[in-house]
Enquirer: 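Here's a structure for you.
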Amino acid sequence: MSDPTNISGQPIPAADSSSAAPVRPIHQVGLTKRLLLWLTSMNLAVTLLVFLAIASVIGTVLKQNESFSSYLDVFGPFWFAVFKNLSLFDVYSATWFVAILLFLVASTSSCVARNAPSFLRDMRSFRLNAQEKSLRGFAHQAEMRTDLTPEALMPRIQAVLSSAGFNSRIKQQSHETLISGRKGSINRIGYVLTHLGIIVILLGGLLDSKMQLKLMDTLGMVKVETANIPVSEVPATSKIPVGGLQAFRGTVNIPEHKWGDVVFIGLKDGYVVQELPFKVFVNKFSIEHYDTGMPKSYMSNVTLTNKKTGAEMTQTIEVNHPIHYMGYNIFQSSFGDGGTKLKMEAWQLNGKAGVAQPIDSAVFDKKNFDFNDQKYRIEFTDFRMYNINPVVGADGLVHQQNYGPSITFKLRNAAGEAIEYQNYFSPITFKDHSYFLSGVKRSIGDQQQFLYIPADQHGSIKTFMAFLATLSDPVKMQAIAAQLIGDAGNATGKEAATSAQLTQAASTSIAQLVGVFVSQGFPAMQARIGSALADRKLSPEATKQAEQASISVVRSVLERAFLDTLTQLGDKQEFTDKDAKFFDDAMDAISALPVYGSPILIQPKSFEQIQSTGLEISRAPGAIWVTIGSIMLVVGIFMGFYIHYRRQWILVKPEGGGARLLVAGSDVRKNIDFDRDFAVFCTELMSATESKPVNGERPT
Amino acid sequence: MSVPKEHMMPMLDASMKKPSSRIRMIDGIYALILLAGASYAYVNYSAAMGSYGSGTLWGAALGLAFLGWLWPATRVLVAVVAVFSLLTLYQYGLYTPGGDAVGRIKLHDIQEGHFFLTYFLSSPAATMWMVTLFALAMPTYFFGLWRRSEFTLKVGSGLVWSGIAMGFIGFFARWRESYLINFDYGHIPVSNLYEVFVVFSVFTSILYLYYERRYKTRALGGFVMTVVTAALGFLMWYQFAQAANAIEPLVPALKSWWMKIHVPANFIGYGSFAISAMVGVAYLLKEKMGGDGVNDRLPSLTVMDDIMYKSIALGFAFFTIATILGAMWAAEAWGGYWSWDPKETWALIVWLNYAAWLHLRLSKGWRGTAMAWWAVGGLVVTTFAFLGVNMFLSGLHSYGKL
Ligand code: HEM
């Protein structure tokens with residue numbers, strides 16, 4: 001016990017004090033000694049424990065190890081600088097935080113160093129030098145008298161002690177005999193194990209921390225790389241050779257059928273590269289799913305090659321089932337795309353619509369291409385095999401629906417402006433009708449919006465594209481319009497010669513309107529009609545009627561164009577309800593094209609999936625120490641709490657023909673169980689020694 | 001605080017015997033029954049259990065035998081829970097030939113179609129019984145305390161014992177049901193916030209009953225059951241507002257043997273800390289109302305102080321084990337035994353807090369009011385670690401999201 005003041009107010013018997021060394025007044029003590037005294041003080045220990053607890057809160061409230069730019073965004077330049085200087089973005093490896101931990105190690109070590117010797121001495125001692133005066137100072141004491149002689153008493157007292165589990169020793173003095181019993185003294189080993197355990201854990205943890213790497217960084221032995229570049233381009237100054245770090249935890253992404261022999265360790269706002277003594281070749285990465293579509297397990301089948309010996313070994317790594325190889329631990333930690341090969345078609349949506357151009361590429365590729373004399377650049381960022389989305393089904397309930405595979409890419413125009421798209425490979429069915437989906441995101445924060453292109457009865461985009469091509473061809477549209485007007489003219493029986501010119505003019509303007517509709521959308525077409533009618537100075541009502549008439553003419557032309565397209569494709573003899581729905585959907589899609597943002601549509605056709613696995617590879621030489629320390633800690637705590645370290649003294653003084661017994665007891669924990677046990681002990685002692693409490697009083 | 005004389009005097013009674021630590025015949029018979037049950041399970045199912053599972057089986061049998069020797073009443077509890085859990089298995093077995101999975105809807109139909117399952121044995125039913133019994137225990141205890149009615153207090157204890165039995169029956173039923181829905185979903189129900197709230201209620205109650213017997217006082221029951229009732233209030237809200245009681249498959253990170261021991265060890269810790277806080281509340285109330293001389297409904301301040309210490313010590317010991325197990329699990333699942341993830345960090349904060357408390361008590365001899373306040377404050381910290389982290393902070397432990 002480091003602090004002998006005892007607020008319980010009970011006298012502290014010298015025999016019971018474990019810090020028996022007399023404490024000199026502080027001003028007489030040398031500086032080192034004073035420092036040591038402070039280091040081993042309970043006040044410091046408790047302060048450190050509480051302070052560490054409070055300091056730990058910081059890192060749970062402030063998200064750790066985000067990018068500096070995002071902190072800058074949140075806190076502004078002033079607080080960013082303050083927080084950065086206090087290392088609050090990586091609190092747990094901040095110098096000041098590690099210093100508290102080391103302080104705790106120092107304090108606990110010196111505490112153990114100070115207490116352990118006296119505790120161990122105390123454990124072995126029977127404290128036979130206890131005097132009557134000190135025994136009378138105990139909180140637990142009793143006095144009793146018996147007519148038996150001291151000689152007859154000794155074996156009985158010893159029997160009571162031993163049946164209560166005490167070891168005992170006898171000390172014969174001139175007039176009196178002291179019997180001292182002791183049990184549970186390994187409780188004190190508990191104290192030592194507990195605190196040594198803590199020290200061992202902390203040192204083991206420190207061994208596995210980033211301490212060495214940070215030191216190397218501070219000393220300029222390694223340079224943090226911040227650019228996102230392939231390993232081969234990382235300069236040697238940012239690479240650490242095998243064995244360069246005692247302990248590390250790094251990650252690496254390796255595509256299927258590729259190998260890796262380094263890991264990346266995040267440091268400050270970048271990373272360093274740690275080389276490995278082996279190669280990891282990824283044979284296959286796979287995900288198993290539950291019937292809900294939720295992932296059930298992630299696993300990588302890898303072949304490991306020892307670079308020195310060339311020895312190979314094939315193993316499967318799974319979440320919760322890491323493998324251990326050459327002193328390194330390899331964990332399944334994440335996954336992603338590994339450059340899935342893609343075949344696509346680019347479709348022109350305006351101008352020479354309906355023309356497809358094949359594009360072959362792969363995820364993470366960036367590709368420039370020309371299409372209809374325009375320059376584009378496409379950057380593939382992701383491929384997803386499953387897209388599980390909540391959908392309201394025909395029954396009105398929400399179901400999870402898998403939209404199937406998709407690709408995500410950025411499409412840049414010649415000016416370099418980019419829009420992000422997510423396009424699905426197969427048509428997706430909603431309430432019996434199928435659509436090709438293309439998700440658009442104009443800027444990062446935007447909500448994704450979808451273009452729904454109706455799929456034809458063969459599940460193909462071709463019908464829509466052919467229809468769009470028809471609509472985009474002014475010559476064809478004019479012909480269709482002319483034909484339609486001609487049909488109408490025939491019906492009314494007007495003269496062919498006069499109507500020819502009219503038909504020509506009308507069909508030209510209708511074809512123009514269709515052109516406006518296709519390239520600029522329905523509102524633009526309406527506006528065009530409006531402005532054309534404005535010249536005629538009609539009454540508002542008549543304007544409205546004329547407008548409606550024009551729209552319905554355009555609509556019939558569009559319908560006719562649709563029928564013609566179907567006929568051309570050789571698909572159709574008759575017009576069904578399904579076709580009507582297709583037509584309406586196509587109209588919606590075409591109306592949406594102007595806000596789609598790009599004059600071309602990239603329709604993915606097929607893929608060859610290549611996944612990549614995210615492995616975490618670590619070397620943790622401190623782990624074994626942490627385990628050993630943990631066992632010490634747990635064993636020590638249980639010994640400290642549940643093994644009761646107790647002493648009983650019985651001072652036997654001859655009195656008359658018999659003897660007087662002074663009984664005293666102590667328990668280091670001073671819990672109330674000892675009140676009961678002491679009372680029980682005295683009762684048993686009284687019956688064994690045929691004694692009565694002194695003064696007819698019950699002993700206390 | 002020295003032991004007051006008036007407190008010691010009545011204990012020193014000539015008739016007082018040392019508490020028996022002998023092993024009686026009944027202990028032997030009980031242990032044999034447990035071992036027979038374990039052997040039966042081992043012979044029939046060891047192939048499906050693996051070495052960890054078999055180890056757990058034998059450990060559980062020996063552990064229960066030890067517990068029965070230490071605390072005979074647990075034998076009755078074990079017997080009741082065993083009989084009804086086996087009955088549940090039998091009932092489900094009648095409708096699921098070969099124990100095959102039947103899916104959610106069919107399972108629901110089976111439960112609806114059978115009286116015992118509907119009203120008593122299926123996990124939703126048993127858990128509701130547990131909630132009801134625990135919630136009734138609190139006012140019963142308080143009423144008994146107010147009326148000084150030993151009988152009413154005994155009824156309170158009876159309610160808690162029954163609630164614990166129902167909690168366990170529901171627990172085992174749910175374990176089985178997870179396999180019946182889909183074999184892939186099968187897991188011990190300690191994997192999400194809903195499930196661990198049930199564990200918390202049951203563990204806290206059983207730990208409380210231990211102190212009730214040990215200190216021969218039922219006066220603190222109302223206080224402890226207040227925490228349990230509050231937890232169950234949350235559970236009910238969580239169940240009805242968020243349908244949180246649905247059995248879902250485990251995410252890959254949780255598919256580990258470690259979960260089975262890490263979580264229960266944690267809840268011995270949380271339960272103990274909750275008890276110490278509520279005894280702290282009783283302590284402070286009693287002190288406010290005049291202390292030992294004035295108020296004799298509650299146990300003496302010394303006794304309450306002692307319960308506080310005992311339960312913090314037990315909680316600390318198990319919380320230490322739980323944290324270490326968590327670190328070992330993390331080493332296997334995430335690649336590092338300590339990642340300073342919010343849940344881990346808050347576990348450390350809780351641990352450091354009680355380490356400081358224990359030092360002040362063991363080494364500086366602090367007792368009384370300040371320590372009672374600290375114990376109450378400890379529950380705030382513990383609650384944040386248990387619930388607050390899931391609600392407000394994100395991290396690797398995000399399976400318990402609210
Ligand atoms: C991380 C730091 C520490 C932890 C986790 C810790 C833990 C514990 C635990 C669990 C106990 C009670 C169990 C037992 O006795 O076996 C204890 C007791 C004790 N600790 Fe610490 N301790 C720490 C640091 C310190 C320091 C720095 C000191 C020195 C001032 C210290 C001095 C003591 C003393 C004197 C006892 C009481 C022993 C007794 O009366 O039996 N501890 N500690």
Side-chain angles (χ1 to χ4, degrees), chain A residues 1-3 5-10 42 45-46 49-50 52-53 56-57 59-61 64 92 139-140 164 205 208 249 290-292 294-298 319-322 329 331 333 616 618 620 623 626-627 630 633-634 637-638 641 669-672 675-676 679-680 682-684 698-700, chain B residues 1-3 5 7-9 11-14 16-18 182 184-185 248-249 251-253 255-256 258 302-303 306 309-310 313-314 316-317 320-321 324 327-328 331-338 340 342 345-346 348-349 352-353 355-356 359-360 362-367 381 389 393-395:
Chain A
M1 254 161 273
S2 57
D3 192 336
T5 52
N6 186 328
I7 67 150
S8 69
Q10 76 190 66
M42 185 47 69
V46 172
L49 292 177
V50 173
L52 189 64
S56 303
V57 176
T60 67
V61 178
Q64 299 286 289
Y92 305 114
H140 295 87
D208 286 351
R249 257 170 96 175
Y290 290 112
D291 58 355
T292 57
M294 240 178 79
K296 180 175 151 195
S297 68
Y298 306 103
V319 176
N320 270 316
H321 300 281
N329 313 305
F331 305 86
S333 85
E616 179 164 313
S618 75
V626 173
T627 309
S630 299
L633 176 63
V634 171
I637 286 176
F638 274 89
F641 288 160
R669 288 279 176 261
K670 303 185 184 70
N671 294 325
I672 61 176
D675 300 353
R676 183 198 59 201
V680 171
C682 288
T683 316
E684 282 175 3
R698 283 170 164 170
T700 59
Chain B
M1 205 165 293
S2 70
V3 182
K5 288 207 162 75
H7 175 69
M8 277 185 61
M9 292 295 283
M11 302 192 99
L12 190 54
D13 186 322
M16 191 162 194
K17 285 217 201 69
K18 220 175 157 227
N182 184 326
D184 275 353
Y185 292 14
E248 299 292 348
V251 301
K255 303 190 86 170
S256 165
W258 293 101
T302 320
V303 165
D306 204 67
Y309 161 71
K310 288 274 161 52
L314 183 76
F316 185 78
T320 308
I321 295 181
I324 291 169
M328 291 179 153
E332 203 169 281
W334 301 330
Y337 43 83
W338 199 261
W340 295 103
T345 308
W346 274 93
L348 178 71
I349 292 166
L352 290 170
N353 175 52
H359 274 93
L360 288 176
L362 294 183
S363 176
K364 298 205 80 161
W366 280 28
R367 309 257 161 133
V381 180
V389 173
L393 309 172
S394 65

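Since the model is a prediction, treat every value here as computed from it, not as a measurement. Atom set for the values below is all heavy atoms of this structure, side chains included, hydrogens, waters and symmetry mates excluded.
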Enquirer: Does some side-chain heavy atom of B:Val251 sit less than 4.5 Å from a side-chain heavy atom of A:Met294?
Expert: yes

Enquirer: Looking at chain B, which one of A:Val50, A:Leu52, A:Val61 has the largest number of heavy-atom pairs inside 4.5 Å, strictly under?
Expert: A:Leu52

Enquirer: Of the backbone (N, CA, C, O) and the side chain (C-beta and beyond), which part of B:Asp184 lies under 4.5 Å from a heavy atom of chain A, both, or neither?
Expert: both

Enquirer: For B:Ala327, which atoms come within 4.5 Å of any heavy atom of chain A: side chain, backbone, both, or neither?
Expert: neither

Enquirer: A side-chain contact here means heavy atoms from C-beta on lying under 4.5 Å apart; do B:Trp334 and A:Phe331 qualify?
Expert: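 Of all side-chain heavy-atom pairs linking A:Phe331 with B:Trp334, none is under 4.5 Å.
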
Enquirer: Top residue by heavy-atom pair count (under 4.5 Å) with chain A, among B:Val381, B:Asn353, B:Leu314?
Expert: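 Among the listed options, the one with the most contacts to chain A is B:Leu314.
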
Enquirer: Given that the side chain runs from C-beta out, which part of A:Asn320 has a heavy atom under 4.5 Å from chain B: side chain, backbone, both or neither?
Expert: both

Enquirer: Non-hydrogen atoms of chain B under 4.5 Å away: do they reach the side chain of A:Val57, the backbone, both or neither?
Expert: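 It is both, since atoms from each part get that close.
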
Enquirer: Establish, from distance only, whether the side-chain atoms of A:Thr60 and B:Trp346 form a donor-acceptor pair under 3.5 Å.
Expert: yes

Enquirer: Report the option among B:Ser256, B:Ala331, B:Ala313 that has the most heavy-atom pairs separated by less than 4.5 Å from atoms of chain A.
Expert: B:Ala313

Enquirer: State, yes or no, whether a side-chain contact exists between A:Arg669 and B:Tyr309 at a heavy-atom distance under 4.5 Å.
Expert: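 Yes, at least one pair of side-chain atoms sits under 4.5 Å.
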
Enquirer: Sort A:Ser618 into side chain, backbone, both or neither according to what part of it lies under 4.5 angstrom from a heavy atom of chain B.
Expert: side chain

Enquirer: Would you please name every residue forming a side chain to side chain donor-acceptor pair (under 3.5 Å) with B:Glu332, sequence neighbours left out?
Expert: B:Trp258

Enquirer: If the condition is ring-ring contact (aromatic ring centres under 6.0 Å, His included), which residues does A:Tyr92 pass it with, not counting sequence neighbours?
Expert: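 With neighbours one apart ignored, the set is A:Phe97, B:Trp340.
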
